Number of protein chains: 2
Amino acid sequence: MVYNEFKKIVNISKEDISGQILEQNRASIKVKKEKKVIENLIKIIDATLDICSKKSFQSMSIRDLSAASGLSRGALYSYFTNKEELLILLLTQGRQIVYQVLTEQISTVTSPHEKLKIAIKSHIYLSEAMDTWFYFNYIEARNLPKNEQKNAIESELETEKIFIDIIEEGIAEGVFKDENVVLLSSTLKAILQDWYLKRWKYRSRKTSVDEYADFVIKIMESILLIG
Amino acid sequence: MVYNEFKKIVNISKEDISGQILEQNRASIKVKKEKKVIENLIKIIDATLDICSKKSFQSMSIRDLSAASGLSRGALYSYFTNKEELLILLLTQGRQIVYQVLTEQISTVTSPHEKLKIAIKSHIYLSEAMDTWFYFNYIEARNLPKNEQKNAIESELETEKIFIDIIEEGIAEGVFKDENVVLLSSTLKAILQDWYLKRWKYRSRKTSVDEYADFVIKIMESILLIG
DNA sequence: CAACAAAAAACGGACATCCGTCCTTTTTCT
DNA sequence: AGAAAAAGGACGGATGTCCGTTTTTTGTTG
């Protein structure tokens, strides 16, 4: 599988995401007509991610967001109760999508080696397809209130756990070397994150998504494969 | 070399750092007596890093900094011209120290294999000794004005270049496998950064600095060493 | 050592600005 | 026309910075 195929398979459309947000936040959204909500949520999300790829969420004012989204300040407050809620909403949604797609993709294969490969590719391709979202999620997580930070941390560990399980399965089956699984998974996660955190670097070097994914897989294989 | 030895060798004292800051910013520092300047710069740096390990530099107000440092708002403005200048000053200084220590440590050995090992250890140990500073540097770099962001990017590439040179030297000497050097260095950098970006994770797992450093070295060896 | 004046440093009130949010008014949709 | 949605003025609070005032330090003289 290469990136262009992945994009079609996953197809994380903005309507879908907005729909999911609507479902989970009906209570705090004051607008009744679903079509209107989805339409404007897309505007809000697009504008937020766009602004926050240039400056931080904190220094984005509601007035900035209003100008970029085309909605008035008053209208914005029909879609979230306050600025912090908007942040929480976006981060929560982002995490859910990552986990959903990752577990779904892994379930399509059976051997640990294949699982590892598809998990790596899915993560990188996903972060490529949603780069502003991933960047936003990583960078802004620390500006959350304490209890929401816990969710972000749990989510990091959850994703890591996916890799831990795959590698342990491989070791148990005798196809992977018996390495320090937790440290290795943690390291793998760091490498995967680098793709969207240092997007500027890879872009300027013209490193393609496929090249990066293949390289990461090769590294992991050279550490884990026996023989 | 283990971490406890490293700390003694490098000994990045706060006085030294403040002295360096003073040297490079005499023009914008309005206080004459060097002793006073060093004394208060330490207070300012400590307070800033402490606050910014909990919230962002942007959401730290000058009043916050005043309360934490024990200097009045007016006094603070004798040490920097405005809040943004303080940020630039701290980031610039942090980058310089990393580069200085890294190149200095590498120059103590000759073979590429030894150089690689000492470069990895130095980077991890340095980020351990100055964890709040490293974290601050990474996270806050994006809140700089455009021209200062260029410096941050250049610095990232400079550090990466250190690793690129070592690995290329090893390949030329025939002791390292001929891998994709640039991608590999970039990956190594991502792994090194993870140590201070996810400090909470490693701390809760009781992973020691030495264990982490040894693990990273082992990974790199399993990728690069021939045989 | 004490007294004191000048210089240096620190202080904190004041001000203009910006920001999140609320709420009444206006516009759009049904 | 009535309901739903959008608009944007207004307000209280916070923030960066300036600058006149007060406190501390320094150097000098008796």
Side-chain angles (χ1 to χ4, degrees), chain A residues 18 21-22 25-48 51-52 54-90 140 143-145, chain B residues 18 21-22 25-48 51-52 54-90 140 143-145:
Chain A
S18 295
I21 291 180
L22 172 55
N25 297 277
R26 245 182 249 279
S28 51
I29 295 175
K30 290 169 197 99
V31 175
K32 305 271 170 75
K33 291 234 85 181
E34 293 216 353
K35 222 182 97 182
K36 256 276 142 75
V37 177
I38 305 253
E39 188 187 314
N40 284 337
L41 276 179
I42 292 174
K43 282 187 200 163
I44 295 172
I45 295 169
D46 277 352
T48 306
I51 294 172
C52 291
K54 286 156 203 153
K55 52 174 160 176
S56 72
F57 183 79
Q58 290 193 52
S59 55
M60 171 190 84
S61 70
I62 295 293
R63 285 165 177 82
D64 289 339
L65 183 56
S66 167
S69 66
L71 292 167
S72 70
R73 296 191 319 270
L76 288 176
Y77 276 86
S78 310
Y79 296 93
F80 48 82
T81 52
N82 57 52
K83 200 185 168 193
E84 192 176 70
E85 273 295 320
L86 171 63
L87 178 57
I88 292 174
L89 185 145
L90 287 170
E140 301 297 346
N143 295 323
L144 289 168
Chain B
S18 295
I21 292 179
L22 172 55
N25 297 277
R26 246 183 248 278
S28 52
I29 294 174
K30 290 170 198 99
V31 175
K32 305 268 170 76
K33 292 234 84 181
E34 293 215 352
K35 222 182 93 181
K36 256 279 142 75
V37 177
I38 305 253
E39 189 187 313
N40 285 336
L41 277 180
I42 292 174
K43 283 186 199 163
I44 294 172
I45 294 169
D46 278 351
T48 307
I51 294 172
C52 291
K54 287 156 202 153
K55 53 175 162 176
S56 74
F57 183 79
Q58 290 193 50
S59 55
M60 171 190 82
S61 71
I62 294 294
R63 284 164 178 82
D64 289 341
L65 182 56
S66 167
S69 66
L71 292 167
S72 71
R73 296 189 322 268
L76 287 175
Y77 277 86
S78 310
Y79 296 92
F80 48 82
T81 52
N82 57 51
K83 200 185 167 193
E84 191 176 71
E85 272 293 321
L86 172 63
L87 178 58
I88 293 174
L89 185 145
L90 287 171
E140 301 298 346
N143 295 323
L144 289 168

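Fair warning: this is a prediction, and the values are worked out from it, not measured in the lab. Letters A, B, ... mirror the listed sequences (proteins, then strands); counts begin at 1.
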Under 3.5 Å, side-chain donor or acceptor atoms of residues 70-81 of chain A against the rest of the protein: list the pairs with distances, not counting sequence neighbours.
from     : atom 1 : to       : atom 2 : distance (Å)
Ser72(A) : OG     : Ala75(A) : N      : 3.1
Ser78(A) : OG     : Ala75(A) : O      : 3.2
Tyr79(A) : OH     : Asn40(A) : ND2    : 2.7

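Between Asn40(A) and dA6(D), a side-chain N or O to OP1/OP2 separation shorter than 4.0 Å is present.
Under 3.5 Å, the side chains of Asn82(A) and Glu85(A) contain no donor-acceptor pair of N or O atoms. Side-chain contact, Ser56(B) with Gln58(A): a donor N or O sits under 3.5 Å from an acceptor N or O.
The distance from atom OH of Tyr79(A) to atom P of dT21(C) is 18 Å, rounded to the nearest whole Å. Rounded to whole Å, atom C1' of dT21(C) lies 14 Å from atom CD of Glu84(A). For the pair Leu76(B) CG and dG12(C) C1', the computed distance is 12 Å after rounding to whole Å. One can place CD1 of Ile62(A) at 11 Å from P of dC22(C), the figure rounded to the nearest angstrom. We find that CD1 of Ile51(A) is positioned 14 Å from C1' of dC19(C), with the value rounded to whole Å. As rounded to whole Å, 14 Å separates atom C1' of dG16(D) from atom CD of Glu85(B). Taking atom CD on Glu34(B) and atom P on dA8(C), their separation rounds to 15 Å, with Å as the unit. To the nearest angstrom, P of dG13(D) lies 19 Å from NZ of Lys83(A).
Residue Ser61(B) is in sugar-phosphate contact alone, with no base atom involved, counting any heavy-atom pair closer than 4.0 Å across all strands shown.
Checked against dA5(D), dA9(C), dA7(D), the side chain of Lys32(B) finds its nearest nucleotide in dA9(C). Of the candidate nucleotides dT21(C), dA10(C), dG16(D), dG16(D) has the atom lying nearest to any side-chain atom of Arg63(B). Counting only heavy atoms from C-beta on, Ser72(A) has its side chain closest to dA7(D) among dA9(C), dT21(C), dA7(D).
Side-chain atoms of Ser69(B) come within 3.5 Å of backbone atoms of Leu65(B) as a donor-acceptor pair (strictly under, hydrogens ignored).
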Please tabulate the protein-to-nucleotide N/O contacts below 3.5 Å involving nucleotides 24-30 of chain C, giving atom names and distances.
none

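Where Tyr77(B) and Lys30(A) meet DNA chain D, the nucleotide closest to each residue was compared, and Lys30(A) sits on the side nearer the 5' end. Residue order along DNA chain C, read from the 5' end via each residue's closest nucleotide, puts Asp64(A) first among Asp64(A) and Gly74(A).
Annotation: the span from Lys83(A) atom NZ to Ile62(A) atom CD1 amounts to 6.0 Å, rounded to 0.5 Å.
Counting non-hydrogen atoms of other residues, nucleotides and ligands closer than 6.0 Å to NZ of Lys30(B) gives a total above 12.
Remark: the Arg73(B) side chain and the dG16(D) base include no donor-acceptor N/O pair separated by less than 3.5 Å.
Checked for salt-bridge contact, Glu34(A) and Arg26(A) meet the test: a charged N lies under 4.0 Å from a carboxylate O.
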